[in-house]
2 protein chains.
Amino acid sequence: MSWQKVLSDKGYRVSGPRRLVMELLAESAQPMTPLEIYQVLSQSGRALGMVSVYRALELLAELGLVCVVYNPNGSSGYVAGSAGHHHHILCKRCHRTITFAGSEDLSDLIRRVEAETNFRVSDHLLQLYGICPKCQKISADPVEDN
Amino acid sequence: MSWQKVLSDKGYRVSGPRRLVMELLAESAQPMTPLEIYQVLSQSGRALGMVSVYRALELLAELGLVCVVYNPNGSSGYVAGSAGHHHHILCKRCHRTITFAGSEDLSDLIRRVEAETNFRVSDHLLQLYGICPKCQKISADPVEDN
DNA sequence: ACCTTATTGATAATATTTTTCATTAAGCTT
DNA sequence: AAGCTTAATGAAAAATATTATCAATAAGGT
Ligand SMILES: [Zn+2]
Ligand SMILES: [Zn+2]
Ligand SMILES: [Zn+2]
Ligand SMILES: [Zn+2]
């Protein structure tokens, strides 16, 4: 289902700012902060308010159309969303991010943790960190965003 | 190894603010933000500057003496650290957090993702979310921080 | 008890996020 | 296609959060 339809079906409008943010994130290889999104779009001539970026991200995240990911350094950014159970792998060097299907089996772990803590587990956050193919090649070079 | 020794061995001093922050997080059942830490300590009479809280957390996190955890709503907070491979489970209702040993086996997943993406995986972020024992009992009640 | 210097904390400076509210435009109805 | 309704935007201000400065303090060693 397209992101436009997700918005429509929930009664939200497919507005300019939402479209700009969605399309930018879909193209971006790296997670982007609200400020980065605002700056890139502004410099591309497509004007929109900073506030709209925040509001668009908030809504899109709520609908699962974009995801928040956590950089290895602790900062966070937004990436395009994906349907179904999935996670993200981030490059520690250039922050390039790829989505992968959540095929992991955590049932043993969850069983053990539930027994140990008496929590009832319902959900999880998983990200992998590593070095992307491009950065493996230039592994001696300084960080570049490419 | 005690956190005091970790600091000393790296040439850092065991200062008042660092001790206050470490001891508070060690006692706290929930992750705390810098502001919460500052406020609780201030109200307890133990005065320290907000800036010192930030600096203490930055250093302690760098040394692995405290960990950053991400609440289900996206906000983050600090919890007392733990040696070795471990993760955290958070209550979606009251944010109570418990540390557990990282005994999960992600090798199948990592192998698959490495093959699919050509990344080289070195690290991961994992958190479990659920409902803590206390909140299971009062599951019909509004959120309480207890 | 005294030195040395890392660390603190008051203040100011930045940066980030949220509120407000008049204006705009998305999508529905003729 | 024009008009209507109201969600959504954006400029500005307000509120929060974080970082930088630098004189004063105190931790740890002698
Ligand atoms: Zn890379
Ligand atoms: Zn998963
Ligand atoms: Zn709970
Ligand atoms: Zn693990």
Side-chain angles (χ1 to χ4, degrees), chain A residues 1-25 31-63 65-66 68-71 73-78, chain B residues 1-25 31-63 65-66 68-71 73-78:
Chain A
M1 184 159 65
S2 74
W3 62 267
Q4 289 97 333
K5 186 153 171 40
V6 174
L7 283 177
S8 294
D9 286 359
K10 304 260 176 161
Y12 298 107
R13 296 178 179 175
V14 180
S15 69
R18 289 172 186 163
R19 188 192 337 272
L20 289 174
V21 170
M22 275 303 293
E23 290 175 350
L24 178 58
L25 288 184
M32 299 185 76
T33 64
L35 180 59
E36 288 168 343
I37 292 169
Y38 173 72
Q39 289 175 332
V40 168
L41 289 176
S42 296
Q43 287 166 10
S44 309
R46 287 155 299 190
L48 83 173
M50 181 76 235
V51 185
S52 297
V53 175
Y54 278 105
R55 286 189 287 222
L57 289 172
E58 180 181 33
L59 176 63
L60 295 171
E62 188 179 307
L63 300 179
L65 296 172
V66 303
V68 177
V69 298
Y70 303 98
N71 289 318
N73 57 59
S75 70
S76 64
Y78 291 86
Chain B
M1 186 158 65
S2 74
W3 61 268
Q4 290 96 333
K5 185 154 172 40
V6 174
L7 283 177
S8 294
D9 286 359
K10 303 259 176 159
Y12 297 107
R13 295 180 179 174
V14 180
S15 69
R18 289 172 186 162
R19 188 192 337 270
L20 288 174
V21 170
M22 275 303 293
E23 289 175 351
L24 177 57
L25 287 184
M32 299 186 76
T33 64
L35 181 58
E36 288 168 343
I37 292 169
Y38 172 72
Q39 289 175 332
V40 168
L41 289 176
S42 296
Q43 287 167 11
S44 309
R46 287 156 297 187
L48 84 173
M50 182 74 236
V51 185
S52 297
V53 175
Y54 278 106
R55 286 189 287 222
L57 288 172
E58 180 182 31
L59 177 63
L60 296 171
E62 188 180 306
L63 299 179
L65 296 173
V66 303
V68 177
V69 298
Y70 303 98
N71 289 319
N73 58 58
S75 69
S76 63
Y78 292 86

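Just so we're on the same page: letters track the sequence lines, and every chain starts at 1.
- No donor-acceptor contact under 3.5 Å links the side chain of Arg55(B) to the base of dT19(D).
- In this structure, Leu35(B) places its CG atom 14 Å from P of dT19(D), rounding to the nearest Å.
- Arg19(A) places its CZ atom 13 Å from the C1' atom of dA8(D), with the value rounded to the nearest Å.
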Leu60(A) vs Leu25(A), side chain to side chain contact (heavy atoms under 4.5 Å, CB included): CA-CA, chis, key distance, verdict: CA-CA 11 Å; Leu60(A) 295 171; Leu25(A) 288 184; 6.0 Å; no
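- Between Gly16(B) and Met50(A), the residue anchored nearer the 5' end of DNA chain D, judged by the nucleotide with its closest heavy atom, is Met50(A).
- The separation between Leu57(A) atom CG and dA8(D) atom P is 15 Å, rounded to whole Å.
- Contact annotation: side chain of Arg13(A) to base of dA8(D), donor-acceptor pair absent below 3.5 Å.
- In terms of position along DNA chain C, the nucleotide closest to Ser15(B) lies nearer the 5' end than the nucleotide closest to the other residue of the pair Val51(B) and Ser15(B).
- Rounded to an integer number of Å, the gap from Gln4(A) CD to dG27(C) P is 10 Å.
- As rounded to whole Å, 14 Å separates atom C1' of dA17(D) from atom CD1 of Ile37(B).
- The separation between Glu58(A) atom CD and dA8(D) atom C1' is 13 Å, rounded to whole Å.
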Residue pair Leu20(A), Leu24(A): steps toward the side chain to side chain contact (heavy atoms under 4.5 Å, CB included) verdict: CA-CA 6 Å; Leu20(A) 289 174; Leu24(A) 178 58; over 6 Å; no
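- Side chains of Ser44(B) and Arg46(B): a donor on one and an acceptor on the other come within 3.5 Å.
- One can place NZ of Lys5(A) at 15 Å from C1' of dG27(C), the figure rounded to the nearest angstrom.
- The distance from atom OH of Tyr54(A) to atom P of dA11(D) is 16 Å, rounded to the nearest whole Å.
- Of all the heavy atoms in Pro31(A) and Val69(A), the pair that sits closest is CB-CG2, 3.5 Å.
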